[in-house]
Amino acid sequence: QVQLVESGGGLVQPGGSLRLSCAASGTIFSIYGMAWYRQAPGSQRELVARITSGGKTNYADSVKDRFTISRDNAKNTMYLQMNSLKPEDTAVYYCNANLSTWNSYRISQNYWGQGTQVTVSS
């Protein structure tokens with residue numbers, strides 16, 4: 001099976017930085033697109049940033065110029081560098097990956113991590 005495990009969340013003051021990681025493991029054949037989503041209390045889950053297997057990136061307007069998404073394909077790991085954090089960035093951050101497995105390498109599916117809490121507060 002496949003597991004996505006996020007890490008790096010925590011409590012940070014406004015203006016601070018955090019780096020999230022998402023490590024994919026299991027019977028992975030190939031990882032295509034990867035993305036970070038977040039969900040604040042009482043809100044819908046929203047896309048924060050995404051990255052293709054070739055490294056092309058897209059960002060939500062609210063995080064442009066503050067967040068940077070990247071990935072290490074050799075390690076099946078994705079990162080989110082978050083700078084100049086604001087209280088409104090407080091949310092649970094989820095990792096998403098579209099990938100295929102050795103059992104069904106012709107079919108890609110979406111997988112989710114369990115989430116990591118980011119709290120921005122003084």
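Quick note: residue numbers are just sequence positions, from 1. All values reported here derive from a predicted model rather than from experimental measurement.
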Pairwise disulfide (SG to SG under 2.5 Å) hits with a residue in residues 10-114, at least two apart: C22-C95
With D61 via salt bridge (charged side-chain N to carboxylate O under 4.0 Å, His left out) - residues at least two apart: K64
Residues which pass salt bridge (charged side-chain N to carboxylate O under 4.0 Å, His left out) with R19, listed by chain and number, not counting sequence neighbours: none
Pairing residues for Y37 by the ring-ring contact (aromatic ring centres under 6.0 Å, His included) criterion, not counting sequence neighbours: W112
Nearest non-hydrogen partners of [X] and [Y], listed with the distance:
{"X": "N83", "Y": "S17", "result": "OD1-OG, 2.9 Å"}
{"X": "M78", "Y": "I51", "result": "SD-CG2, 4.2 Å"}
{"X": "M82", "Y": "V118", "result": "CE-CG2, 3.9 Å"}

Partners passing side chain to side chain contact (heavy atoms under 4.5 Å, CB included) against A60 (at least two apart in sequence or in another chain): S62, V63
Could you check whether any side-chain N or O of [X] sits under 3.5 Å from a backbone N or O of [Y], counting only pairs where one atom can act as donor and the other as acceptor?
{"X": "Y94", "Y": "T116", "result": "no"}
{"X": "E6", "Y": "G115", "result": "yes"}
{"X": "S104", "Y": "T101", "result": "no"}

Distance, nearest 0.5 Å, that separates OG of S43 from CD of E88: 12.0 Å
Working for side chain to side chain contact (heavy atoms under 4.5 Å, CB included), residues Y59 and V48: CA-CA 6 Å; Y59 296 91; V48 175; over 6 Å; no
So with a 6.0 Å cut-off around [atom1] of [X], is the heavy-atom count from everything else above 12?
{"X": "R50", "atom1": "CZ", "answer": "no"}
{"X": "Q44", "atom1": "CD", "answer": "no"}
{"X": "Q81", "atom1": "CD", "answer": "yes"}

Minimum side-chain heavy-atom gap S121-P87 below 4.5 Å: no
Selection residues 7-26 - residue pairs positive for ring-ring contact (aromatic ring centres under 6.0 Å, His included), sequence neighbours left out: none
Do any side-chain atoms of residues 27-36 form donor-acceptor pairs under 3.5 angstrom with protein atoms, and if so which ones, sequence neighbours left out?
unit_1 : atom_1 : unit_2 : atom_2 : d
Y32    : OH     : S100   : OG     : 3.1
W36    : NE1    : Y79    : O      : 3.3

Taking only residues two or more places apart in sequence or in another chain, which ones pass side chain to side chain donor-acceptor pair (under 3.5 Å) with [X]?
{"X": "N96", "answer": "none"}
{"X": "T119", "answer": "Q117"}
{"X": "D72", "answer": "none"}

Inter- and intrachain pairs under salt bridge (charged side-chain N to carboxylate O under 4.0 Å, His left out), touching residues 29-43, at least two apart: R38-E46, R38-D89
Residue pairs passing the salt bridge (charged side-chain N to carboxylate O under 4.0 Å, His left out) test where at least one lies in residues 106-122, sequence neighbours excluded: none
